[in-house]
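In what follows, a structure is listed as structure tokens, so that the remarks can point back to it.
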Amino acid sequence: MKLRLRVTRALVLPAVLLALFTHHPYRPGGLAHLLLAGTGMLFLLASAGGRIWAGAYMVGRKNRSLVSDGPYSLTSNPLYFFSLLGFIGAGLSFGSFSLAALFALCFFGAHWPTITAEERRLAALFGDRYRAYRAGVPRFLPALRRPRMGTLGALDAGALLRAIAEALAIPLVYPLAALVEWAKLAGLLPVLFRMP
């Protein structure tokens with residue numbers, strides 16, 4: 001996990017620098033900018049809500065039991081899927097398709113090796129039960145069906161509260177992006193070039 005966080009930071013830093021010193025070509029406050037930024041906010045909120053939902057099912061059960069209810073009945077990697085939404089939402093919050101694509105590439109570069117390693121570990125832990133589960137649930141993009149809610153099991157309140165706190169920080173990207181936008185328009189941050 002520590003390696004994944006270091007790799008994520010290393011990959012995201014250039015994208016963040018681009019977000020700080022580039023600007024979208026759309027008229028500030030115009031329809032295109034508002035649609036992109038608004039979609040970014042929706043992605044950030046979906047990311048936060050989805051991570052809380054997935055965390056509620058996983059907290060206290062990771063590596064102890066095979067979690068297959070809630071969001072895990074739609075995809076075997078809901079925490080990572082909802083994290084991807086947050087990465088894309090961050091780029092869109094800056095009003096840029098290019099930044100959204102760059103943040104998505106950063107996500108996959110840092111997280112895909114972890115996803116495959118976790119799948120191997122779960123297959124070793126749960127054997128045929130895990131392989132049967134994976135046969136009925138998509139690997140990453142959620143199935144478009146009603147989730148099987150099941151039960152949450154015993155919750156570790158402290159771990160769940162930490163997961164909620166982390167998830168609630170995700171939408172803070174939106175006001176930070178708005179502040180950066182304001183700083184660029186006010187001439188406090190230089191705009192080196194424009195990126196759609």
Worksheet item: Does a donor on one side chain sit under 3.5 Å from an acceptor on the other, for Y130 and E119?
Response: no
Worksheet entry | H111 ring center within less than 6.0 Å of F81 ring center | no
Worksheet entry | Residue L188 excluded, over 12 heavy atoms near CG under 6.0 Å | yes
Worksheet entry | E118 side chain reached by Y80 side chain, heavy atoms, under 4.5 Å | yes
Worksheet, complete the sentence: Residue set satisfying side-chain hydrogen bond (donor to acceptor under 3.5 Å, both in side chains) with H23, at least two apart, ordered chain then number -> E181, R194
Worksheet entry | R129: side-chain hydrogen bond (donor to acceptor under 3.5 Å, both in side chains) partners, not counting sequence neighbours | none
Only distances under 3.5 Å count here; give the side-chain donor-acceptor pairs of residues 25-34 to other protein atoms, sequence neighbours excluded, each with its distance to 0.1 Å.
residue: H33; atom: NE2; partner: H24; partner atom: NE2; Å: 3.3

Worksheet item: Taking only residues at least two apart or on different chains, which pairs with a member in residues 160-193 satisfy ring-ring contact (aromatic ring centres under 6.0 Å, His included)?
Response: none
Worksheet entry | Mutual orientation of the aromatic rings belonging to W112 and F108 [parallel < 30°, tilted 30-60°, perpendicular > 60°] | tilted
Worksheet item: Would one find more than 12 heavy atoms of other residues, nucleotides or ligands at under 6.0 Å from atom CZ of R146?
Response: no
Please set out all donor-acceptor pairs under 3.5 angstrom arising from side-chain atoms of residues 7-17, sequence neighbours excluded.
residue: T8; atom: OG1; partner: R4; partner atom: O; Å: 2.8

Discussion item. Could you tell me if the side chain of L168 sits less than 4.5 Å from the side chain of I52, heavy atoms only?
Written reply: yes
Worksheet entry | By side-chain hydrogen bond (donor to acceptor under 3.5 Å, both in side chains) - contacts of S83 (at least two apart) | R51
Worksheet item: Around atom CZ of F43, are there more than 12 heavy atoms of other residues, nucleotides or ligands at under 6.0 Å?
Response: no
